[in-house]
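By convention in this document, chain letters (A, B, ...) are assigned in the order of the sequence lines, proteins followed by strands, and residues within each chain are numbered from 1.
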Amino acid sequence: MRYKEWTDEGLLRQPVFVRFRDDKPVSDAAKKGAGSRERDQEVPVESTAPRSPLPREVKFSNLDKVFWPEEGYTKGDLIDYYRAISPWLLPYLKDRPVVLTRYPDGIAGKSFFQKDAPGFVPDWIRTEKIWSEDTQRYIGYFVAEDVESLLYIINMGTIPLHIWGSRLTTLEQPDWCILDLDPKAAPFLHVLKIARATKSLCDDLALPCFIKTSGSTGLHVLIPLGRQCTYEQARTLGGLLARVIAAELPDIATITRQVERRGARVYIDYVQNGYRRLLVAPFSARPLPGAPVSMPLAWSDVTPPLDIRKFTIKNAPALMKKRKDDPLRGVLELKP
DNA sequence: GACTGGC
DNA sequence: GCCAGTCAACGCCAA
DNA sequence: TTGGCG
Ligand SMILES: [Mn+2]
Ligand SMILES: [Mn+2]
């Protein structure tokens, strides 16, 4: 990203024009619902992607508004973060519905989810309609294809980004199987131990496996599936792995859903492998003190002293520049 | 953060 | 003109 | 079928 593209009025003036989009049908794979329920109609049918070149210009607002009171980080800091991290973040947003959580008054203010893009968003922001069976209407999901769209979304007061596990072209088939390791009362050391046990199990099964921090208290282990199986199959795999780990480490891990019965054990949540279930995007900022982010890790990082609160909007871009390659990227590419 | 509808 | 309200629902599993 | 869960 080059700062020369930024004027002092806070406008993004990039002499960039949207490509004509290739109008191939958005829906190919989702067509055959793989026999899974009456989801057949829930296919993106229309898009508002631009059909003619349009200048993209984001007019930023309230850049000095404090979003993280304890640290004094501002909305401008947040926008700077997302701009700087966008080369690593955008691959995960490409062709994927995104759900916003907006905090127009910072992390201490009122927040709300937003799936359906409001009518006032500019034409050059891509949205894709997906049918919602229960509400009997189309939801026009945001799809952040480029840094301008991303920053427009962030300027709306969006802090965390949640993404689908599947892409628009393959809505029924996720890119990954996720195991969400949730400590609550459990010591983080146990999370690390469980993560390594998962890695070791995947190694035994010849399954590739990647990891990131959640940005909050836990870790997310992701197994690439290459969009070759259904959510149901992903969930079956996740449940199997989770069961094996929980049986192996019964004192520190559990898959029990009742919070009370978990005690101080780490909850291995595999149920997030489902249609329309969301994952905190890699590199997403979190609305928590310290402005932590969901940070991809190398397996060599998954050892004490790992402190996941140490990855923040202030240092993550520099860390990635140093690291150069995103250690999680394989989750988008590998096909086991 | 931006917009809408009721007063 | 001002102010309050809206901006999401969901799939899954155990009981 | 419902309720709890994330
Ligand atoms: Mn979690
Ligand atoms: Mn407001």
Colleague: Specify the residue among A:Tyr270 and A:Leu278 whose closest nucleotide of DNA chain C lies further upstream toward the 5′ end.
Modeller: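 Of the two residues, A:Leu278 wins.
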Colleague: Tell me the interatomic distance from A:Ile125, atom CD1, to B:dA2, atom P, rounded to whole angstroms.
Modeller: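 Nearest whole value for this atom pair: 13 Å.
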Colleague: Is the centre of the A:Trp299 ring less than 6.0 Å from the centre of the A:Phe210 ring?
Modeller: no
Colleague: Where the side chain of A:Arg276 is concerned, which of C:dC10, C:dC7, D:dG6 is the nearest nucleotide?
Modeller: C:dC10
Colleague: So A:Phe142 and A:Ile153, side-chain contact (heavy atoms from CB on, under 4.5 Å) or not? Walk me through it.
Modeller: CA-CA 9 Å; A:Phe142 288 99; A:Ile153 285 167; 3.9 Å; yes
Colleague: So, A:Lys110 and A:Asp105, do they make that salt bridge, N to O below 4.0 Å?
Modeller: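 Result for this pair is no, no salt bridge flagged.
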Colleague: Does A:Arg257 get its side chain close enough to the base of C:dC12, under 3.5 Å, for a donor-acceptor pair?
Modeller: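 Such a pair is found, so the answer is yes.
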Colleague: Heavy atoms under 4.0 Å, any strand shown: does A:Thr135 hit a base, just sugar-phosphate, or nothing?
Modeller: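 Result for A:Thr135 = sugar-phosphate.
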Colleague: Ignoring the backbone of A:Tyr267, work out which of D:dG6, C:dC7, C:dC12 is nearest its side chain.
Modeller: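 Side chain of A:Tyr267 sits closest to D:dG6.
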Colleague: Is a donor-acceptor contact shorter than 3.5 angstrom present between the side chain of A:Arg277 and the base of C:dG11?
Modeller: yes
Colleague: Side chain of A:Phe120 only, please: which of B:dC3, C:dC10, C:dC7 is the nearest?
Modeller: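 Nucleotide nearest to A:Phe120's side chain: B:dC3.
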Colleague: Name the closest nucleotide to the A:Asp180 side chain, picking from D:dG6, B:dC3, C:dA8.
Modeller: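 Between D:dG6, B:dC3, C:dA8, the one nearest the side chain of A:Asp180 would be D:dG6.
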Colleague: Select base, sugar-phosphate, or nothing to describe what A:Lys184 touches, counting heavy atoms under 4.0 Å on all strands.
Modeller: nothing
Colleague: Would you mind classifying the nucleic acid contact of A:Arg137 as base, sugar-phosphate or nothing, using non-hydrogen atoms under 4.0 angstrom?
Modeller: sugar-phosphate
Colleague: Of the candidate nucleotides C:dA15, B:dA2, C:dA8, which contains the atom at the shortest distance from the side chain of A:Gln258?
Modeller: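 Output: C:dA15.
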Colleague: Measure from the side chain of A:Lys115, starting at C-beta and using heavy atoms only, and say which of B:dG1, C:dA9, D:dC5 lies closest.
Modeller: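 Given the options B:dG1, C:dA9, D:dC5, the side chain of A:Lys115 is closest to C:dA9.
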Colleague: Under 4.0 Å between any heavy atoms, over every strand shown, what does A:Lys65 touch: base, sugar-phosphate, or nothing? Just pick one.
Modeller: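 If one applies the 4.0 Å heavy-atom cut-off, A:Lys65 turns out to touch the sugar-phosphate alone, with no base involved.
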Colleague: If you only use heavy atoms from C-beta on, which nucleotide in C:dA9, B:dG1, D:dG6 is closest to the side chain of A:Pro104?
Modeller: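 Between C:dA9, B:dG1, D:dG6, the one nearest the side chain of A:Pro104 would be B:dG1.
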Colleague: Touch check for A:Val259, heavy atoms < 4.0 angstrom, all strands: base, sugar-phosphate only, or nothing?
Modeller: sugar-phosphate
Colleague: Who passes side-chain hydrogen bond (donor to acceptor under 3.5 Å, both in side chains) against A:Gln272, sequence neighbours left out?
Modeller: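 Only A:Asp180, A:Asp269 meet the side-chain hydrogen bond (donor to acceptor under 3.5 Å, both in side chains) criterion with A:Gln272.
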Colleague: Side chain of A:Val271 only, heavy atoms from C-beta on: which candidate in B:dC3, C:dC13, B:dG1 is closest?
Modeller: C:dC13
Colleague: Hey, is A:Arg56 close enough to A:Asp146 for a salt bridge, meaning N to O under 4.0 Å?
Modeller: yes
